[in-house]
Trainee: 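This is the structure, below, for whatever I ask next.
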Amino acid sequence: MICLMRTMPEKMIPRFQWWGLAMFVAVFVATQDAPQAREPDGRRHQVAQGTVDTTGKTGAEIFAQSCAACHGLDGKGKEAGELGFDVPTPDFTDCQFSPREAVADWVAVAHEGGPVRGFSQRMPAFGGAYSEADLYKVVAHVKGFCSAPEWPRGELNLPRALYTEKAYPEDEWVMTTAFGRTPASVSSSFVYEKRFGARNQVEIKLPLKTTRNNGAWTGGAGDLAVGFKRVLSHDLDRGDIFSLSGELVLPTGDSAAGLSKDTTVFESFVTYGRLLPSDSFLQFQGGVELPFDTAKAGREAFWRATLGRTFTQNGPFGRAWSPMVEVLAARELESGAAIDWDIVPQVQVTLNTRQHVRFNVGWRTPLNNRRGRSSSLVAYVLWDWFDGGLRDGW
Ligand code: HEC
């Protein structure tokens, strides 16, 4: 009985969190379209469905007629010198680059011109000349320049949640900060991710924490983690991506400040991302933390799930807002241990027109076992450095 009570949400959880969650679910349900067969090109593809008046030309014909002069008939791009202006065109045959850009983003560029994604105005707008359906056809042709199936498509690169890790391999910097209340604390983590090859990614993570005790702030660095991720399967038609990760957390942190586990910890987890109808998505992460010295730290299992939906401002090509709700669970791997549940409603927003700098803010609240676990405000800034410098594309 006592055991059961420990795992139940406590009565004293402030009501506004429940209101927040209920409102989120209500908005989510109310804005769902009737379920329909998902278009193979995934996220935001339905933009094209309303526009059926096409020129009757194939994507290849439109490309030859309107794009090849600058992009080359073979899609390899041209140097600035060949074009008569100072902006080179990208190499669409480069699989490092081409598959990771979502079709809808390229349609946005072709429809509105380069500046809609923070590119040069040398890339003209074709929205007046072609319907969106035609532009989807020509972008499908452009996608064909790298048709190697091992490269996961950009549509499967779902908005990053605050805690649930992504299945998609990334080139990113992420700085996450959590502000705790009792005791007052500020914890940050700096994550650097680098993709290599079609399916792999390495990651380095450094946490820092300061806590206020008796009026004085003390803190330092936590344990440095080095991780590796590999995509095991991905399929845009099926709409999902699945990866496996391994991480070593090294005892480099400040032990005196209580910021190190004082033993190396091996962490392994799977991540799964799934496209749902109407620009919604689901992400899941589940795994274990296995310390080398179990006298110093306990073995733990954890799982995290995120449900969200992306909305765009000013029509389909504008700023993207992705409200999400995340549920976190963790328990020590010993018999009778209780599961700690947390909920994290949050909103991610693109900050610049290139959409490669993003901000996410949320509120993490324990749902049970609240003793010693307080709520915190959590936010990150994310920079997808592959898509351009931090100051590019605003
Ligand atoms: C007058 C020359 C010109 C024509 C014609 C042209 N483009 Fe471009 N395009 C550019 C330039 C220049 C860039 C690079 C802009 C930059 O890097 O700031 C570009 C960039 C792009 C990109 C962005 C790729 C990325 O980096 O994510 C896409 C997509 C694209 N063009 C598609 C098309 C399509 C489709 C057509 C034909 C319907 C077309 N372009 C016709 C000059 C042109």
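Note that ligands are numbered from 1 as they come in the structure, with each ligand's atoms numbered from 1 the same way.
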Trainee: Could you tell me which non-hydrogen atom of Pro159 sits nearest to which non-hydrogen atom of Lys166, and how far apart they are?
Mentor: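 Taking Pro159 first and Lys166 second, the nearest heavy atoms are C-CD, 4.4 Å.
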
Trainee: Closer than 4.0 angstrom, basic N to acidic O: yes or no for Lys76 and Asp74?
Mentor: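 No salt bridge links Lys76 with Asp74.
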
Trainee: Name each N or O atom in ligand 1 that is under 3.5 Å from a protein N or O, and give the partner atom and the distance.
Mentor:
residue, atom, partner, partner atom, Å
ligand 1, 7 (N), His71, NE2, 2.8
ligand 1, 9 (N), His71, NE2, 2.9
ligand 1, 18 (O), Ser120, N, 2.7
ligand 1, 27 (O), Trp106, NE1, 3.0
ligand 1, 31 (N), His71, NE2, 2.9
ligand 1, 40 (N), His71, NE2, 2.8

Trainee: Checking Asn200 side chain against Phe228 main chain: does a donor-acceptor pair fall under 3.5 Å?
Mentor: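 Not a single qualifying donor-acceptor pair exists.
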
Trainee: On the ring face of Tyr163, is Arg364 found with NZ or CZ under 6.0 Å from the centre and within 45° of the axis?
Mentor: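 Yes; both conditions hold, so Arg364 lies above the ring face of Tyr163.
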
Trainee: If you measure only the distance, is there a donor-acceptor pair under 3.5 Å linking the side chains of Gln201 and Tyr168?
Mentor: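 Tyr168 and Gln201 do not have a side-chain donor-acceptor pair below 3.5 Å.
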
Trainee: Checking salt bridge (Lys or Arg N to Asp or Glu O under 4.0 Å) between Arg100 and each of Asp387, Asp171, Asp105, Asp94, which is the one that passes?
Mentor: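 The passing option is Asp171.
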
